[in-house]
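Within every chain, numbering begins at 1; the chains are lettered A, B, ... in the order of the sequence lines, protein sequences first and strands thereafter.
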Protein chains: 2
Amino acid sequence: MTPAATAAGTRDLPHPAREEIRLEGVLHALSDPVRLRIVRDLAVDSDELFSCSYFDLPVTKSTTTHHFRVLRESGVIRQTYRGTAKMNGLRRGDLDALFPGLLDALLAAAARQVSRLGTG
Amino acid sequence: MTPAATAAGTRDLPHPAREEIRLEGVLHALSDPVRLRIVRDLAVDSDELFSCSYFDLPVTKSTTTHHFRVLRESGVIRQTYRGTAKMNGLRRGDLDALFPGLLDALLAAAARQVSRLGTG
DNA sequence: CGGCTCGTACGATAACTCTCGTAGTACGGA
DNA sequence: TCCGTACTACGAGAGTTATCGTACGAGCCG
């Protein structure tokens, strides 16, 4: 056990501060179909937290870990440990403050594309 | 000279049809700083066409060609030959029809980030 | 024709990404 | 204490990307 993680539940994960979030990074994070779908699912209830295993993704667990990390490091989601689970939530407040209307436009565009092409 | 390019000015370039444009592709195209800047410059006047050399980009000519092709193949811009120059224009009509409000939100977000961080 | 400008094509390289499997750690409960 | 669940870390492979340099083609103008 690492010294920094001694106190129970203190395993913190590195997140960019609000001011460090870059538009290019957000767009890159959302340009992958798996990650776009994760964000769409998270956005159904922005105040709720979902564990990684809540999502039914067409990739293995280690790939899932990778995608969640990309989302976290780009500032799109916030991840916190809760016992053995890792809970995920959209950083809607930060994103809306930085880029008003962007997240809504992106989610609307994604929904529109799904209804146009089927559940792709 | 290829047979298809015999008639002067007829060198056509492959563009995706409106229905073929994918949100993920658009986001990926815009997740590169060089390309985001091109689109921002094009959006100043969406009805105008600009030659590739109009832009002052921090990369070589061949890299510039690469970035314009990515933008064209993702459906963000339309390219047409005019004499020795290749003119570029935003496909605002197609994008607005597919994803209403998205392009405006993206441009506003980019402008906001520039004014926050300086001309990066 | 000869040269100039604009842009392309091709090849190369280094870096990054997506994916996986295996092995391992952290936590909660029996 | 031992086991199961949830997730991570590491390493590897295949594919994509961003960048460049050089060489070339297409059109314009003297």
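- For the pair A/R78 (side chain) and A/G89 (backbone), a donor-acceptor distance under 3.5 Å is absent.
- Following rounding to the nearest Å, B/Y54 (OH) and C/dC6 (P) show an atom-to-atom distance of 15 Å.
- The residues B/D96 and B/R91 are annotated as not salt-bridged, no charged nitrogen and carboxylate oxygen being separated by less than 4.0 angstrom.
- In A/R82, the CZ atom is not crowded: 12 or fewer heavy atoms of neighbouring residues, nucleotides or ligands sit closer than 6.0 Å.
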Can you pull every protein N or O that's under 3.5 Å from an N or O on nucleotides 11-14 of chain C?
none

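- Between the side chain of A/R72 and the main chain of A/P14, a donor-acceptor pair closer than 3.5 Å is present.
- Counting to the nearest Å, the C1' atom of C/dG7 and the CZ atom of B/R82 are 16 Å from each other.
- Between the CG atom of A/L49 and the P atom of D/dC7 there is a distance of 13 Å, rounded to whole Å.
- Following rounding to the nearest Å, B/L57 (CG) and C/dC6 (P) show an atom-to-atom distance of 14 Å.
- One can place CZ of B/F68 at 16 Å from C1' of D/dT19, the figure rounded to the nearest angstrom.
- The residues B/R92 and B/D104 are annotated as salt-bridged, a charged nitrogen and a carboxylate oxygen being separated by less than 4.0 angstrom.
- A continuous path of hydrophobic side-chain contacts links A/I21 to A/L30 [ILVMFWY only; heavy atoms under 4.5 Å].
- Here the P atom of nucleotide D/dC7 and the CG atom of A/D12 are 17 Å apart, to the nearest Å.
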Could you run down the sub-3.5 Å N/O contacts of the protein with nucleotides 16-20 of chain C?
residue : atom : partner : partner atom : Å
C/dC18  : OP1  : A/R35   : NH2          : 3.0
C/dC18  : OP2  : A/R35   : NH1          : 3.2
C/dC18  : OP2  : A/H66   : NE2          : 2.9
C/dT19  : OP2  : A/H67   : NE2          : 2.4
C/dC20  : OP2  : A/T60   : N            : 3.0
C/dC20  : OP2  : A/T60   : OG1          : 3.2
C/dC20  : OP2  : A/T63   : OG1          : 2.7

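- Within the 3.5 Å criterion, the main-chain N or O of A/T60 finds a donor-acceptor partner in the side chain of A/T64.
- In this structure, A/M87 atom CE and D/dA6 atom P are separated by 12 Å, rounded to whole Å.
- A/E19 CD to B/R116 CZ: the interatomic distance, rounded to the nearest 0.5 Å, is 7.5 Å.
- The CD1 atom of B/I38 sits 13 Å away from the C1' atom of D/dA18 (whole-angstrom rounding).
- Within the 4.0 angstrom heavy-atom criterion, only backbone atoms of the sugar-phosphate kind lie near B/S53; the bases stay farther away.
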